[in-house]
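Report on the structure given below.
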Amino acid sequence: MNIASVIVDVPAKQTDKTFDYKIPDHLLDVIKPGTRVIVPFGPRKIQGFVTELKDQSSFSKLRSIVEPLDLTPVLNEELLQLGEWLTEHTLSYKISSYQVMLPAALKAKYEKKIMLAKGTVVSELPGNLAESFKEKSELKWDDAVAKGLVQQLQKEAAAGRIDVVYQVKDRVRKKRLKHVYPAIVPEELKEARNKLSSQASGQQAVIDFFLEHPEPVEQRLLLSTLGISQASITSLAKKEIVKVEELEVYRDPYAERKFERKTALELTAEQENAIIPILSSIEKELHEVFLLYGVTGSGKTEIYLQSIQEVLRKGKEAIVLVPEISLTPQMVTRFKERFGDLVAVMHSGLSAGEKYDEWRKIQRKEVKVVVGARSAIFAPFENLGIIIIDEEHETSYKQEENPRYHARDVAIQRAKTYACPVVLGSATPSLESFARAQKGRYTLLSLPKRMNNQALPAVEIVDMREELRTGNRSMFSVKLFEKIKDRIERKEQTVLFLNKRGHSSFVMCRDCGYVMNCPHCDITLTYHRYNEQMKCHYCGYEDRVPTICPECNSEHIRYFGTGTQKVEEELLKLIPEARIIRMDVDTTGRKGSHEKLLTAFQEGQADILLGTQMIAKGLDFPNITLVGVLSADTMLNLPDFRSSEKTFQLLTQVSGRAGRHKLPGEVVIQTYTPEHYSVELAGTQDYDRFYQQEMLMRKVHQYPPFYYLSLVTVSHEELMKVVSVTEKIAKFITSRLSKDAVVLGPVASPIPRINDRYRYQCLIKYKKEPELSTALKTILDQYQQEMGSGGLQISVDLNPYILM
DNA sequence: AGCACGCCGACT
DNA sequence: GTCGGCGTGCTC
């Protein structure tokens, strides 16, 4: 077994296969499947993953592995297989699949540089080159290019005076801090203490300390607790009484926080009924998918916690997915309170190093539970006992870059391997999941009542067209405004929700109707107030805000669209004494600011919490008795077959923030389309009727869950090219599918141009097409290289969530 | 993805 | 005649 099959870090069609390498003798026992290695590849050196060891290769002249990057494999057998599964099901490259399963810190960086060849002295080089090598023995290739030295360097390289070196940089940096620990046994320590001069009080203190706690201690900590200086330790180290060493520490994002340990709460009869089947599945080690459908505030989390408790008792591990976890610090707290140090947390708010450290805790089996966003589904546990996906309907569980996987599918795949249950929890399940539960593919568990038997909040829908007709041109209806004032008087709290998406502020000329568009993308520019700039959200193009219309020179430029900032201003004008906390991308950009704002609100430092999407979830504060949705229909008008579903879910979620505890809650939903069933039924919080109604629509329009979808998007700089290629693709696919399949397109994408590239797409609706996957692969094969560098890009998304 | 190899146009 | 454009094909 001295040959390794390696998947190399080159995401391209032609390299999407294993390459064989010889394992040098001295590495024979280090290199195993799942190890990252550095291998020579053509003239360069790159990173790769060993997938398999073997004795023979069909290749005769094998090159050798340069070195391993890991001492223990980063991918175990299960994850290697999962990677293959992922590749197959997302039509992406193997290397991308492996990389997505690991923390970003493990992805290699490459550096190309020039070094003085052995035996060459600087003076042999021509003057200007010698200059560059005088101080350092190496020169970064990019710098050389910038200085225009490439030609010269090539000559010198040919003459053998310099070498071009390719370096793989592991960006993993383990954090190390100086630690001090005794170098001798306690008896000797006592002896040493007696020998110290009586003035050496610092050294005495250190020895006394170690007599009580002989384990290594961080130097900085030791100095400050004993109130001594570095000198004492240095002299002790000199006498070899203590040792100072850099020891690895974990970056712990929750280090500053204290979590009070809490025990299980008593379950209600309903919760009890719901948890029994889950516990039984854990007990029998049977794979089963549960859909835990419980209204907001019905106590789903406690069911998760107690199921995990049982899994831990059996010596197994648990994965809990929550949507973008930094958004729900309350959730993390509950897990940490219950399971303490056994919990690792993974979310996008962590730095690469912190993520890597959390990942390593899992790999080293130091934790048993991971709570995290989408990518936590790949946590390298080896004895999984349960996977929980909270807010199952959330679209953020679908990754929108390659590999375009859905965490739910990965969860089920992994749970099958470990014969363990998956619990999907939601107050507003996705239609797909609920339909599966109806069909019996998932087991439905319902929690129809709130835990404390608190009624669901009373919801009032306000027709904003009516408000306009009566002359109210503000963004607050009379009703909502009165209620807000009322809450402030009663010292209760209000949550105001503004869905900005699809309605971002743009600038329009009131005389000629000119709207500023991005010159590279067919999309309107968004007005950013903080730097007075117009910005394109797709390519990053920025421009100044015009003072006169570029079309007609009119000065009547108007800002459209309502942002949270504007709402805040208007609110303060109307109720100057209101204390408002605003939460949006601008105010929560900094790390930890999200949590800070929420804590401030919880402590009653504000009357009103005003925010976007991010406040729709997980807020659970007793004093919130009013929720206002300023405009319910902004997302209803998006060109997306899920827009009704999303609207219903969002409105229901937001409404659920009110009256979760003793005080009853009220909700006011402002809308321009009160008659739409998703608004109306969110008002009565009637998921079942919404489900019926929406299923009807989906059936009529042939959308999921009745049909599967696949989306092919083609982009190129030339419109003609895009259209003709997409046409060919559509024809090809149609020819390979049965008559039941529907191929829509080619049509221009909802955003027809991004970054000067035209985009066309073709949507495939089907029920069962075993040939589809092969057909799509053929397309990718053909076009990805035919026009490879020429700029034709083709992306395939199986089960897309965003049809843009 | 990089990079080398190789085959055609505009220059000393 | 040579420098350099980027089209083509390979990397164990």
Side-chain angles (χ1 to χ4, degrees), chain A residues 1-25 27-28 31-69 87 91-100 104 107-115 140-146 148-160 162-169 171 401-403 715-718 721 780-795:
Chain A
M1 299 292 232
N2 63 343
I3 292 171
S5 294
V6 175
I7 294 287
V8 293
D9 182 13
V10 182
K13 196 81 229 162
Q14 293 151 301
T15 49
D16 191 30
K17 56 179 178 128
T18 59
F19 288 79
D20 291 347
Y21 288 89
K22 215 156 57 196
I23 306 174
D25 289 345
L27 293 178
L28 274 173
I31 290 180
K32 304 179 188 101
T35 315
R36 291 177 306 145
V37 289
I38 295 175
V39 291
F41 197 65
R44 1 174 230 159
K45 285 195 187 77
I46 57 173
Q47 194 198 62
F49 289 89
V50 176
T51 56
E52 182 184 17
L53 300 184
K54 50 190 188 182
D55 288 315
Q56 283 186 329
S57 170
S58 50
F59 253 81
S60 51
K61 42 180 176 51
L62 296 187
R63 298 172 78 180
S64 284
I65 288 177
V66 178
E67 60 170 311
L69 284 165
T87 302
L91 302 183
S92 54
Y93 302 124
K94 293 185 184 70
I95 189 67
S96 315
S97 295
Y98 290 139
Q99 264 159 190
V100 81
K107 201 178 163 202
K109 265 184 172 169
Y110 299 99
E111 202 173 66
K112 184 179 178 182
K113 41 188 198 182
I114 302 120
M115 302 188 57
K140 282 193 187 130
W141 180 262
D142 291 343
D143 293 345
V145 173
L149 298 174
V150 176
Q151 272 199 4
Q152 258 185 314
L153 287 169
Q154 272 168 348
K155 262 188 206 154
E156 294 303 314
I162 57 167
D163 288 327
V164 179
V165 179
Y166 297 85
Q167 221 175 33
V168 181
K169 273 195 170 171
R171 42 178 135 180
E401 299 111 55
N402 272 324
S715 78
H716 188 83
E717 285 181 10
E718 288 161 49
K721 185 81 202 166
L780 287 174
D781 274 359
Q782 274 185 8
Y783 290 97
Q784 264 176 1
Q785 39 199 1
E786 181 189 305
M787 298 293 284
S789 53
L792 193 77
Q793 275 172 20
I794 299 181
S795 90

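Quick note: numbers below take in every heavy atom, side chains included, and nothing from hydrogens, waters or symmetry partners. Just so it is clear: chains get the letters A, B, ... in the order the sequence lines come, proteins before strands, and each one is counted from 1.
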Which nucleotide in C/dC12, B/dC3, C/dT11 has an atom nearest any side-chain atom of A/Lys17: C/dC12
Nearest-Å distance for atom pair CD/P, residues A/Gln14 and B/dG2: 13 Å
For atom OH of A/Tyr21 and atom P of C/dC12, their distance in whole Å: 5 Å
Separation of A/Trp141 CH2 from A/Lys112 NZ (nearest 0.5 Å): 4.0 Å
Sugar-phosphate only, base, or nothing, as touched by A/Phe59 at under 4.0 Å among non-hydrogen atoms: base
Pairwise distance CD1(A/Ile3) to CD1(A/Ile31) - rounded to 0.5 angstrom: 12.5 Å
Residues forming a side-chain contact (heavy atoms from CB on, under 4.5 Å) with A/Thr87, sequence neighbours excluded: A/Lys94, A/Ser97
Sugar-phosphate, base or nothing in reach of A/Tyr166, heavy atoms under 4.0 Å: sugar-phosphate
side-chain contact (heavy atoms from CB on, under 4.5 Å) against A/Asn2, all qualifying residues, sequence neighbours excluded: A/Leu28
For atom CG of A/Asp16 and atom C1' of C/dT11, their distance in whole Å: 14 Å
Nearest-neighbour nucleotide for the A/Val10 side chain, C/dT11, B/dC3, B/dA1 considered: B/dA1
Protein-nucleotide distance (A/Ile7, atom CD1; B/dA1, atom P), rounded to Å: 16 Å
Partners meeting side-chain contact (heavy atoms from CB on, under 4.5 Å) with A/Glu52 (sequence neighbours left out): A/Ser5
Interatomic distance, A/Leu62 CG vs C/dC12 P [rounded to whole Å]: 10 Å
A/Phe19 CZ - C/dC10 C1' separation (whole Å): 9 Å
Of residues 39-46 of chain A, the positions that come close to DNA chain C - non-hydrogen atoms, cut-off under 4.0 Å: A/Pro40, A/Phe41, A/Gly42
Side-chain atoms of residues 58-67 of chain A: list all donor-acceptor pairs with protein atoms under 3.5 Å, sequence neighbours left out, distances to 0.1 Å.
{"unit_1": "A/Arg63", "atom_1": "NH1", "unit_2": "A/Gly42", "atom_2": "O", "d": "3.0"}

Salt bridge (Lys or Arg N to Asp or Glu O under 4.0 Å) against A/Asp16, all qualifying residues, sequence neighbours excluded: none
Partners meeting salt bridge (Lys or Arg N to Asp or Glu O under 4.0 Å) with A/Lys54 (sequence neighbours left out): A/Asp20
Are any protein N/O atoms closer than 3.5 Å to N/O atoms in nucleotides 5-7 of chain B? If there are, list each pair with its distance.
none

Rounded distance in Å - CD (A/Glu52) to C1' (C/dC12): 14 Å
Atom-pair distance (NZ on A/Lys112; P on B/dA4), nearest Å: 7 Å
Residues that A/Lys17 engages under side-chain contact (heavy atoms from CB on, under 4.5 Å), provided they are two or more places apart: A/Phe19
